[in-house]
Each structure stands twice: as C-alpha cells, then as structure tokens.
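Okay, structure first, notes after.
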Amino acid sequence: MEESLYGIITKVTYYSEETHFGVVKVKLDYQDHRIAKYKAKLFTNILTVTGNFARQPLVDEQYDFIGEFVTNQYGIQFKASSCVVRNDNTLEGVITFLSSDLFPGVGKVTATKIFQALGEDCLSKIEEDQSVLNGIEGISSKQKQTIYDNLVDFQKNKQTLVGLLDLGITMRTATKIMKFLGNDALEKVRTNPYLLMDMVEGFGFRRADKIALAVGFAPDSPIRLQALFLFLIRQICFSTGDTYVDKDYLYQKAAEELNQEVLSTDHFHHNLEALINDRRIVIDEANNIFDLSLYNAEILLAQQVHLFLNNPNQATYSDQEIDKALEKIAIINKIEYGDKQKAAIIMALKEPLSIITGGPGTGKSTIIKGLIECILQLYPSESILEKIALLAPTGRAAKRLRELTGYPAMTIHKFLGYEGHGFYRFGPLAKVDAKIVIVDEVSMVDLGLAARLFGALEDDTKVVLVGDVDQLPSVGPGDVLNDLITCKEISTVRLTKIHRQAEDSSIVALAHQINSGMVPESILERQADRNFLNMQDSDIIPNILKTVEQALNRGMDLIRDIQVLVPMYKGEVGINAINNRMQERFNPSTGQELKHMNRVFRVNDKVIQLVNRSEKKVMNGDIGYVLALDYSNGEYQGLTVMFDFGSVDYSREELEDLTHAFAISIHKSQGSEFDCAIVPFSFRYYVMLKRKLVYTAITRAKKYLIMMGSIEAFIRGISGVEAKRKTKLAKRITENLQLRVPLEQLELSEMDEITPYDFMK
C-alpha cells in the first residue's frame, strides 16, 4: 500500500551521482497527526528512506516521499517511488542545483556568487527577470544565458524529469530522453518504455522491461514480447557473429528470459508474425530468423558482388601492358616480386573484384603499393590518383597503410561520408565517385559496413580486398572475407611465402606455426624478438609491470610503442584490473584527476575511443593520451585527448566514449602493430582461448613479443578452433541471387549504431 510522509534529512548514508539512487536518514515530526500514526510501527522518529533523488540530498533539507514500508535485514525502511525536496532555496541547495549537469559551464563558485548576491529566492528571481544577473561580477554573458534558459526549461520539465527519475532512470539518461521526446517524454515512456532501447545508447531490454513492468505492462504484453525477441536476436548475433538465429533457439532463449508459463508457443508465433508484418524481421524457409537490417545487408552485398563480376564495362589491361608496368616499378623500387606477388597484382588489375589474403610477412602491403604504382603507370595522368581509394576499417589501420605504401589512405567510414547517428552521405542511392577501391584488413569488416561500402560503389568500380582470413573475424555480425573466399566466385590469391624482410623474425614464424595448430618445441626458449614466461596467474600483473618498466628503460614510449593485449575485460587478470594497476604504477595521482563512474582520468593516461564520433573526427579504436583536464568554476568539466590526428575535447557527459588503454582487447588491436606487444595467457580466459585469437594477438607484435602466464592455457588456445559463424552470404552469391530486392527497400540503418557494448549493461 502506497504511503505519503515527509521529514527532515539528518544524514545522507549513500548517494550515487551516476544513478541518483540514495539512502538517507529522515527525522519525522510526530506532532503532525499525519505522521504520528507511524509512531507505533517505528518506535523511533528516525527512518531510513531509499529512492531516486533529482540531485544529491542535503542534511536539514525537508522532503516529501511517496512509497511503501519494507522490512529487510536492516529493519523497517521506507522505499520511496517519489522524492521531492520542499525547499530548494538553501545555499547548499542552490549550489548543488546550479552546478549539476543541467547547467553546463556553471560551477560551484558561480552558484555561490548568485546566492550571496540575490538571496534565498534567487532562482525564482532569475526566472522572473534574467537581468538580475547583470549586477553580479565574474559571471560571463554565456553563463547568464545558460542559467536563465535552463532554469526556465527545468521548471517546465521538472515534473517530467522527476517522473523519469522515479522510474529508476538516471539524470543523464533522463535529460537525453527529454531532449529526444520533448515535454511529453514521460507519457511516451510510460506508454512504451521499450522505445528507450533504440533511443538511448546502452539502454537494453532489461532496463526497459523493469520500467514497463513497474508501470503496469502485462507479462504477456505483445509490445513486451516483441521487444524481447528483437533484443535477443540482436544480442545473439552480436555475441556469436552469426547473421541469423534459429527459430527454436530463439524460443528457448526467450522462454528462459521470461518463463514457460508466460511464453506459450502461440504467443511466440503470433508475435513473430507481428514483427514480420512490421518489417522488423525476416524468417526464411529454413526457419532462420534475421533482423531486417542484417537480412538486407546480405542481400545487398551479394547483389553487388554479382554486379561487379558481371559488369561488361570494367576496365582491363593486356598482359603486355601489365608486364611492362611491373618491370618498370620493380626497377624504380629496387624490388624483385615473387611469383605469387606478381600473380596477385596481375589478378587485381585484370579482375573486376579480387581477393588477396595471407599471413604476416607474406608481402600484402608490398602488393598494395605495387598495384597502385602499376595503375599510375597504366594511366599516366595526375588525376587517376584521385580516383583510387585506399581504405581500412579503423583510423590506426589507415595510418599504418599510409605509412607502408606512401599513398593517402582513409577509413571506410570517412570514405562513405559517415556523419554519425547511422547517417552516411553515400550508399545505394548516392554513389561514390571512385574507379579503383583497395580495402586492407578486410577480416575486420562486418556485414553491415561491407554492404554499405559495396552498395556505395558504381558497378564498374574495380575492387581489391586484402586481408588475413586467418585472423579474428569482425566484432560485428558476419564473416565477410571468409564468405567471399568460400563462395569460390571471386578470384583469390593466397600468399604463403614469407619474404626476405620477415624471414629472420621468430614472431612471424611462430604465427605461421600457430595458424597450422603447431606449438614449437622452442616456445619456452628466449629468442631475440620473443619470449614466453611461464608463471601462475598471481604473477601475471606484477610481471606485466616489470616488463613495461624494462621497455621504458630501453627508450620505448608507453603510448606509442608498448601495448598489453588481453581477451577479457573482467576478472583478476582482465583488462580493467591491468589498466588500474598500470595507471597506478606509470601515471600515479598528483591530486589532479577527473572521476567518472568507477574510473579516474589523469593527464598522460593512455585511452581508447569506444564508438565512432564523426562529428569529432574520432573513430572506434583510436588510441591517444589525456593531454589536459578542463578545470573551471571550481571543478573538472571534461578533458582533452591527443590522438595521432590532433586533439579532441570531451565533456564529462561524453566520457562514456573513452576507456583506459594501457591494456586493450585483442579485437580492438586489429589493424594495428606495436613495437612491443605483451600477451598474457590464463585459464581465466578459458571461453576466449581460441586459435584465431592467439594468432591475431601475436601478429600485432612488430619487434618484440612478450608472452606470459600459463603455457597450458597457451597450448589450449592453439588447439581451440572457433565455430564457423552462421551466415548466408556465400550461398546467396553462388545461387546467382534468385532473390532480388529493389535498392530503395533495403534498410541498413537499423543496426548501424548498435555495438556489443549495448548488451553489456
């Protein structure tokens, strides 16, 4: 039964800035007959109250609460669904309010000046007449306008904001929701909380479902079940890399999430039909369920492959012309191309679509450089270089490609004109003006991005795909490079010979042995460029610190040259634990630091970008270091990160985009090389110990590879083979694309902004 009471806060036991959840001690006034009725139940006038507060509650503030009494191991408490301050006009209240996220750029110092100048009614005075701020020294015109505009907006939206907070939504998320949905945000959220899954980054089904059930949604509500099915389809595809889900398996997972009583087979099939009719999913003849976006991506990519391979207008060259160009560039570059390298260049020049794959040291970059220079010889025109697009999936991979070939390179996202929020300037209905497209590190490219890229190219564009098919496949759904090779419709050269410059590298030799499932007898013997230190888990982090210190003493740079590569984030030897210890050792606190959630940022911290932000020109996987902290108005407002391409500013609200990068995941390291790579092995990574993961980690090392931990875990990793991802791309290509979908019907935007991080919260 819901109760109403009020009281004065005597102690703030706990409060979270992130969730706005608080635990407070409240003094009740038994002189008030409305409160006196609780005296017999409580025996004392001090009551513990839990709930979500619009801001940090303060001692001596009076609050009205709505909720219910609960009894737990702490005794009788009041669980409040609504917490509203009666008087927000104290000095502490004004300071807390004006220095909150609602007033960016206004800190505690400015708030104090306002209270001292205008008194306890300062907020209402400003709202009635903003000119009262003009007589206060030390406040900029921008701050004045921010205070007035946001105060007016806050009063308008206060009821909505409090309502969202009472649903358990954080202040930061609530303000985002109000920005998207406007003044009737609360009504819309109550009508369909599952809207938040598509609207707010990281807001998954379980958080939306908690709200839905709280506001009265029935357990078998169609809206609820359909939201769950979509969530599970996407979650499964992102966790496995598959592009579809078996119908029976989806039912099993949905039944586990709910229970058999709630999810009858009739409810299951009925709501799947509704999702099909709403064009959210597709079910094929084998009862495989696709998210519509992934289904369309496979169709579009297969169709475009078909168009490339069968276009009669593709430019081609005679054998004599190609031989002449190859001879000339070999002399200029003082290089002797191997037979397979020559074959790869000739194939790429003659075929409309071709694939070049091979492991480390097999000369892929040499081929790309030779291919470009052959094209320049065959087209002796200054403008031809402008028609060649040299692409890579990440900024670091593009930079490395630029350094290795000497020619301009860019990310696929930049080439496609990515502008954020799933919007690209180029696509199936707006083609890019490029005649030759060369894509490196194609193993990293997921189905959605590959479809975007191929769909944006004219049918007569010559496309050359380069990558190591034995590396980890993309983080997102699909197995594009492997599928394109497997279909056997596309001319492919597989490079196997290790060339002269890599012959002396024991790292390259080890990589090829691992790829063959072999463990060299010399694995525990120290080599000139690699070593394996066999040890217990408890010794891994101390030895990582020791190894990094030795590398630093040899003149290596912690940001640029040294990288710890780990499969998992959590656990005693996970990425988070290693980052904490490395920060503590190599960038200890000087008293100046910005705290955000459970992390601390300091100047010189090594950090990595987690999502694409084209408006800031920073992309997922970019690594940099904290250049400066933004300290103003008495507190830290944000920070600046220096990347290879320049500096990027982050407000406090944008720090979710960053994490520390002294240690990073092996997936995040793809496309990069590091002078010194440190790779720990532990059975704590058991679920991740697979051959491609080990192979990918080892091939990131350019000069030195230091492995440490359990040799048994290392051997287990080499023997573990990843399950083949479930995709239909190869089949769609080989079946000559019997199913054709008009370009205007292909919707690829639905999952562009979804990442694996959306399923981690």
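For clarity, every value in this text was computed on a predicted model and none was experimentally measured. Both backbone and side-chain heavy atoms feed into the values below; hydrogens, waters and symmetry mates do not.
- Side-chain contact between Ile678 and Met708: present, with at least one pair of heavy atoms (C-beta onward) separated by less than 4.5 Å.
- By the 4.5 Å heavy-atom criterion applied to side chains, Leu404 and Lys369 are not counted as neighbours.
- Residues in residues 684-708 take part in these salt bridge (charged side-chain N to carboxylate O under 4.0 Å, His left out) pairs, two or more places apart or across chains: Asp537-Arg684, Glu572-Arg684, Asp675-Lys703.
- Between Asn531 atom CG and Ile523 atom CD1 the span is 9.0 Å, to the nearest 0.5 Å.
- Here CG of Asn52 is found 11.0 Å from CG of Leu164. Values are rounded to the nearest 0.5 Å.
- A pairwise comparison of heavy atoms in Ile544 and Pro680 identifies CD1-CG, 4.4 Å as the closest pair.
- Contact check for Leu639 versus Leu658: side-chain heavy atoms found under the 4.5 Å cut-off.
- Residue pairs meeting the side chain to side chain donor-acceptor pair (under 3.5 Å) criterion with at least one member in residues 543-561, sequence neighbours excluded: Glu549-Arg585.
- The side-chain heavy atoms of Gln592 and Tyr636, taken from C-beta on, include a pair separated by under 4.5 Å.
- Aromatic ring pairs are classed by plane angle as parallel below 30°, tilted from 30° to 60° and perpendicular above 60°; the pair Phe681 and Phe532 is parallel.
- The main-chain N or O of Pro104 is never found under 3.5 Å from a side-chain atom of Gln637 such that the two would form a donor-acceptor pair.
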Test side-chain hydrogen bond (donor to acceptor under 3.5 Å, both in side chains) on Asn604 and Asn587 and set out the steps.
CA-CA 7 Å; Asn604 293 324; Asn587 197 26; 4.7 Å; no
Please tabulate, for side-chain N and O atoms in residues 469-476, each donor-acceptor pair with protein atoms closer than 3.5 Å (sequence neighbours left out).
| unit_1 | atom_1 | unit_2 | atom_2 | d |
| --- | --- | --- | --- | --- |
| Asp470 | OD1 | Arg494 | NH2 | 3.3 |
| Asp470 | OD2 | Arg494 | NH2 | 2.4 |
| Asp470 | OD2 | Asn515 | ND2 | 2.7 |
| Gln471 | OE1 | Gln670 | NE2 | 3.4 |
| Ser474 | OG | Gly476 | O | 2.9 |
| Ser474 | OG | Gly478 | O | 3.4 |

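- Contact check for Ile608 versus Thr659: side-chain heavy atoms found under the 4.5 Å cut-off.
- The environment of OH in Tyr704 is sparse: at most 12 heavy-atom neighbours from other residues, nucleotides or ligands sit within 6.0 Å.
- Cation-pi geometry between Lys399 and Phe645 is not met at under 6.0 angstrom from the ring centre and within 45 degrees of the axis.
- Looking only at distances, a side-chain donor or acceptor of Asn612 sits under 3.5 Å from a matching main-chain atom of Asn620.
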Pair Ile698-Ile507, side-chain contact (heavy atoms from CB on, under 4.5 Å): steps then yes or no
CA-CA 7 Å; Ile698 284 170; Ile507 299 172; 4.2 Å; yes
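- Pairs of residues two or more places apart, or lying in two chains, that qualify as ring pair (Phe, Tyr, Trp, His ring centres under 6.0 Å) and include a residue from residues 599-623 are Phe601-His660.
- Heavy-atom minimum distance, Met582 versus Leu558: CE-CD1, 4.2 Å.
- What you find for Pro477 and Asp446 is that their closest heavy atoms are O-CB, 3.4 Å.
- Residues Leu552 and Ile562 have side chains in contact (heavy-atom distance under 4.5 Å, counting atoms from C-beta outward).
- Other residues, nucleotides and ligands contribute only 12 or fewer heavy atoms inside 6.0 Å of the CZ atom of Arg716.
- A donor-acceptor contact shorter than 3.5 Å is absent between the side chain of Arg602 and the backbone of Glu593.
- Counting all heavy atoms, side chain and backbone alike, Phe53 lies closest to Tyr15 at O-OH, 4.0 Å.
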Yes or no on side-chain hydrogen bond (donor to acceptor under 3.5 Å, both in side chains) for Gln563 and Lys668, after CA distance, side-chain angles and deciding distance?
CA-CA 11 Å; Gln563 189 60 63; Lys668 288 284 185 187; over 6 Å; no
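- Rounding to the nearest 0.5 Å places CZ of Arg396 at 14.0 Å from CG of Leu401.
- Annotation: side chain of Glu584 is not in contact with side chain of Val600 (no heavy-atom distance under 4.5 Å).
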Give the intermediate values and the outcome of side-chain contact (heavy atoms from CB on, under 4.5 Å) for residues Leu533 and Met707.
CA-CA 6 Å; Leu533 307 172; Met707 299 169 285; over 6 Å; no
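- Every side-chain contact (heavy atoms from CB on, under 4.5 Å) that Ile715 has, sequence neighbours left out, goes to Val519, Ile711.
- When side chains are defined from C-beta on, Asp622 does not count as touching Asp644, because their heavy atoms never get closer than 4.5 Å.
- Of all heavy-atom pairs spanning Thr411 and Pro393, the tightest one is CB-O, 4.5 Å.
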Go through it in stages, so that I can follow the logic: the residues are Thr405 and Asp440, the test is side-chain contact (heavy atoms from CB on, under 4.5 Å), and I'd like the CA-CA distance, side-chain angles, deciding distance and then a yes or no.
CA-CA 11 Å; Thr405 64; Asp440 195 19; over 6 Å; no
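- Partners of Lys113 according to the side-chain contact (heavy atoms from CB on, under 4.5 Å) rule, which considers only residues two or more places apart in sequence or in another chain, are Val109, Ile136.
- The two atoms that bring Arg234 and Asp198 nearest to each other are NH1-OD1, 3.3 Å, heavy atoms only.
- Exactly one residue among Lys616, Gln609, Glu656 makes a side-chain hydrogen bond (donor to acceptor under 3.5 Å, both in side chains) with Tyr650. That residue is Gln609.
- Here the straight-line distance linking atom CE of Met568 with atom CG of Leu689 works out to 9.5 Å at 0.5 Å rounding.
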Could you please spell out the steps behind the side-chain contact (heavy atoms from CB on, under 4.5 Å) verdict for Phe662 and Val548?
CA-CA 10 Å; Phe662 300 106; Val548 171; over 6 Å; no
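- Remark: Gln513 CD to Ile718 CD1 distance equals 9.0 Å, nearest 0.5 Å.
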For Asp529 and Ser506: C-alpha separation, side-chain torsions, deciding distance, then whether side-chain hydrogen bond (donor to acceptor under 3.5 Å, both in side chains) applies.
CA-CA 7 Å; Asp529 56 357; Ser506 75; 2.3 Å; yes
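- The main-chain N or O of Lys595 is found under 3.5 Å from a side-chain atom of Arg652 such that the two form a donor-acceptor pair.
- Here CG of Asp468 is found 12.5 Å from CE of Met444. Values are rounded to the nearest 0.5 Å.
- Asn579 places a side-chain N or O within donor-acceptor distance of the main-chain N or O of Ala663, the cut-off being under 3.5 Å.
- Of the possible donor and acceptor atoms, one in the side chain of Tyr685 sits under 3.5 Å from a partner among the backbone N and O of Val573.
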Full working for side-chain hydrogen bond (donor to acceptor under 3.5 Å, both in side chains) between Gln536 and Ser538:
CA-CA 5 Å; Gln536 300 293 320; Ser538 57; over 6 Å; no
